[in-house]
Amino acid sequence: TLWQMTEGPEGWELDLDFLQSELRENTRAVVINTPHNPTGYLLGRQEIDSIIGLLRDRGIYLFCDEVYKYLEYDDKLRTPWASDLYDNAVSLGVMSKSFGLPGLRIGWIATRNRDLYYKLASIKDYTTICNSAPSEFLAGVALRNKDKLLERNRKIIRGNLILLDRFFERFSDIFTWPRPAAGPIAFPGIKLDIIMEEMYQDLLEKKGVLILPGNYYDFDDSHFRIGFGRKSLAEALARFENYIEERF
């Protein structure tokens, strides 16, 4: 069952009642993602506790993709890793997102469930066996200096978020702007009745700007993903703005 969020008046919303109604006797795992890609939605501690409460009595696993953790705009909203809150939870982390080091190809999982841990380790032994030793060394260096790396990336994101706020305020008659709470990604919507796939392709061909339509995320085609983790966002937004002025 696909558990989708909806865009409400105050931004993205998550329906916990839907999860409860969709759990079955044969449900073995629930997969969530926080901070969420592509919306930038951030699950609160109360929401995570409610999810765990629904799963604990049934012994259902919780797989939590937390690759954008540490990029919350408000540090007070950061929640513990899911694996620290529930014995049957698995947390996923990587060096490629929050730390900005995709070339290392290093990630990790964490769980308190020892049996599950050994099963996962066995699968890795049969597939990739081990990571690149230089990548592991560099990942260790990065983690020992994580505060500096994370602050650099958060600074880029905060600056770009200001640019996006201004952009979507100017074009509020065309776009919705459910402002993200974490990460370098957002999922704005478009109010116009147009063929979105054609617009995305046209924007790429004419201005060299790539945005991903919502249907690529099994969502509707009136939303699109925009990434703002790069220093060059101002240039991309200027091109996007020029395209909007020419077309609309």
Side-chain angles (χ1 to χ4, degrees), residues 1-19 22 31-44 47 65 67-68 71-74 77 97 153-248:
T1 301
L2 180 62
W3 184 18
Q4 284 192 335
M5 289 191 297
T6 57
E7 184 183 355
E10 302 300 322
W12 291 104
E13 300 173 350
L14 193 62
D15 186 0
L16 292 175
D17 291 335
F18 176 86
L19 173 64
E22 289 297 313
V31 180
I32 61 176
N33 171 214
T34 182
H36 185 255
N37 180 8
T39 66
Y41 181 82
L42 183 63
L43 280 170
E47 290 176 305
D65 177 342
V67 298
Y68 288 106
L71 294 184
E72 301 86 354
Y73 307 152
D74 184 349
L77 299 180
K97 304 298 185 182
N153 295 337
R154 284 192 293 259
K155 184 177 179 180
I156 294 173
I157 291 169
R158 285 193 294 264
N160 286 339
L161 192 61
I162 293 173
L163 299 179
L164 288 169
D165 286 338
R166 294 171 181 169
F167 177 88
F168 286 108
E169 181 179 3
R170 179 181 179 190
F171 297 109
S172 59
D173 57 329
I174 298 176
F175 301 107
T176 65
W177 176 232
R179 197 176 193 268
I185 33 83
F187 207 45
I190 189 163
K191 300 177 181 179
L192 305 180
D193 184 17
I194 61 176
I195 300 175
M196 296 299 295
E197 195 74 28
E198 292 181 2
M199 192 198 85
Y200 300 133
Q201 187 66 33
D202 194 40
L203 174 62
L204 177 61
E205 292 176 355
K206 291 182 177 178
K207 303 298 180 181
V209 175
L210 174 65
I211 54 179
L212 289 180
N215 56 291
Y216 287 24
Y217 292 89
D218 293 325
F219 206 72
D220 62 37
D221 62 355
S222 63
H223 286 82
F224 58 94
R225 180 191 188 272
I226 187 167
F228 52 99
R230 293 177 177 270
K231 293 182 178 180
S232 59
L233 180 73
E235 179 185 354
L237 277 181
R239 295 186 184 189
F240 194 10
E241 182 175 333
N242 182 252
Y243 176 83
I244 294 169
E245 291 172 341
E246 290 178 356
R247 175 159 181 173
F248 304 112

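Starting from 1, each residue takes its place in the sequence as its number.
Here Phe240 and Phe167 bring their ring centres to under 6.0 angstrom of each other.
Between Pro180 and Leu161 the shortest side-chain heavy-atom distance falls below 4.5 Å. Looking at heavy atoms from C-beta onward, Tyr68 lies in side-chain contact with Pro184 at the 4.5 angstrom threshold. Put simply, the side chain of Ile156 reaches to within 4.5 Å of the side chain of Lys231, judged on heavy atoms. With a 4.5 Å cut-off on side-chain heavy atoms, Phe187 and Trp12 count as touching. The shortest distance between side-chain heavy atoms of Asp218 and Leu2 falls below 4.5 Å. When side chains are defined from C-beta on, Phe175 counts as touching Phe224, because their heavy atoms get closer than 4.5 Å.
We find the CG-CG distance between Leu164 and Leu233 to be 5.0 Å, quoted to the nearest 0.5 Å. A distance of 5.5 Å separates NZ of Lys191 from OG of Ser172, quoted to the nearest 0.5 Å. Summarising the geometry, atom CD belonging to Glu197 is positioned 12.0 Å from atom CG belonging to Asp202; distances are rounded to the nearest 0.5 Å. Atom CG of Leu43 sits about 9.0 Å away from atom NE2 of His36, to the nearest 0.5 Å. One distance of note links CG of Asn160 with CZ of Phe228; it measures 7.5 Å at 0.5 Å rounding. Put simply, CG on Asp220 and CD on Glu7 are 9.0 Å apart, with the number rounded to the nearest 0.5 Å.
Considering every non-hydrogen atom in both Phe219 and Gln4, the closest pair reads CD1-NE2, 3.6 Å. When all heavy atoms of Pro35 and Leu42 are compared, the pair lying nearest together is CG-CD1, 3.7 Å. The minimum heavy-atom distance linking Tyr73 with Gly183 is given by the pair OH-O, 2.6 Å.
A salt bridge links Asp165 and Arg179; the closest N-O separation between the charged side-chain nitrogens and carboxylate oxygens is under 4.0 Å.
Between Trp177 and Phe168, the two ring planes are parallel [angle under 30°; tilted spans 30° to 60°].
The 12-atom threshold is exceeded at CZ of Phe248, counting heavy atoms of other residues, nucleotides or ligands nearer than 6.0 Å. Annotation: Glu10, atom CD; neighbour count of heavy atoms from other residues, nucleotides and ligands within 6.0 Å does not exceed 12. Heavy atoms of other residues, nucleotides or ligands lying less than 6.0 angstrom from CD of Glu246 number more than 12.
Between the side chains of Arg247 and Tyr243, at least one donor-acceptor pair of N or O atoms lies under 3.5 Å. Side-chain N/O atoms of Asn37 and Arg225 include a donor and acceptor closer than 3.5 Å. For the residue pair Tyr200 / Glu205, no side-chain donor-acceptor distance below 3.5 Å is found, with atom types taken as modelled.
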Requested in this report: Start with the C-alpha gap between Met199 and Ile211, add the side-chain angles, then the distance that decides, and say whether side chain to side chain contact (heavy atoms under 4.5 Å, CB included) holds.
Outcome: CA-CA 10 Å; Met199 192 198 85; Ile211 54 179; 4.3 Å; yes
Requested in this report: Report the C-alpha separation of Asp15 and Thr6 in whole Å, then their side-chain angles, then the decisive distance to 0.1 Å, and conclude whether the side chain to side chain contact (heavy atoms under 4.5 Å, CB included) test is met.
Outcome: CA-CA 8 Å; Asp15 186 0; Thr6 57; over 6 Å; no
Report task. Might you work through the side chain to side chain contact (heavy atoms under 4.5 Å, CB included) test for Leu204 and Val209, ending with a clear yes or no? Result -> CA-CA 5 Å; Leu204 177 61; Val209 175; over 6 Å; no
Query raised in the report: Do Trp3 and Ile32 pass the side chain to side chain contact (heavy atoms under 4.5 Å, CB included) test, and can you show the C-alpha distance, the side-chain angles, and the key distance before you say yes or no?
Result: CA-CA 9 Å; Trp3 184 18; Ile32 61 176; 3.9 Å; yes
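In terms of modelled atom types and a separation under 3.5 Å, the side chain of Thr176 and the main chain of Gly189 share a donor-acceptor contact. The backbone N or O of Ser232 lies less than 3.5 Å from no partner atom in the side chain of Glu235, so there is not a single donor-acceptor pair. Under the 3.5 Å distance criterion, the side-chain polar atoms of Tyr216 are left unmatched by any main-chain donor or acceptor of Asp221. Using modelled atom types, one side-chain atom of Asn33 and one backbone atom of Asp65 make a donor-acceptor pair closer than 3.5 Å.
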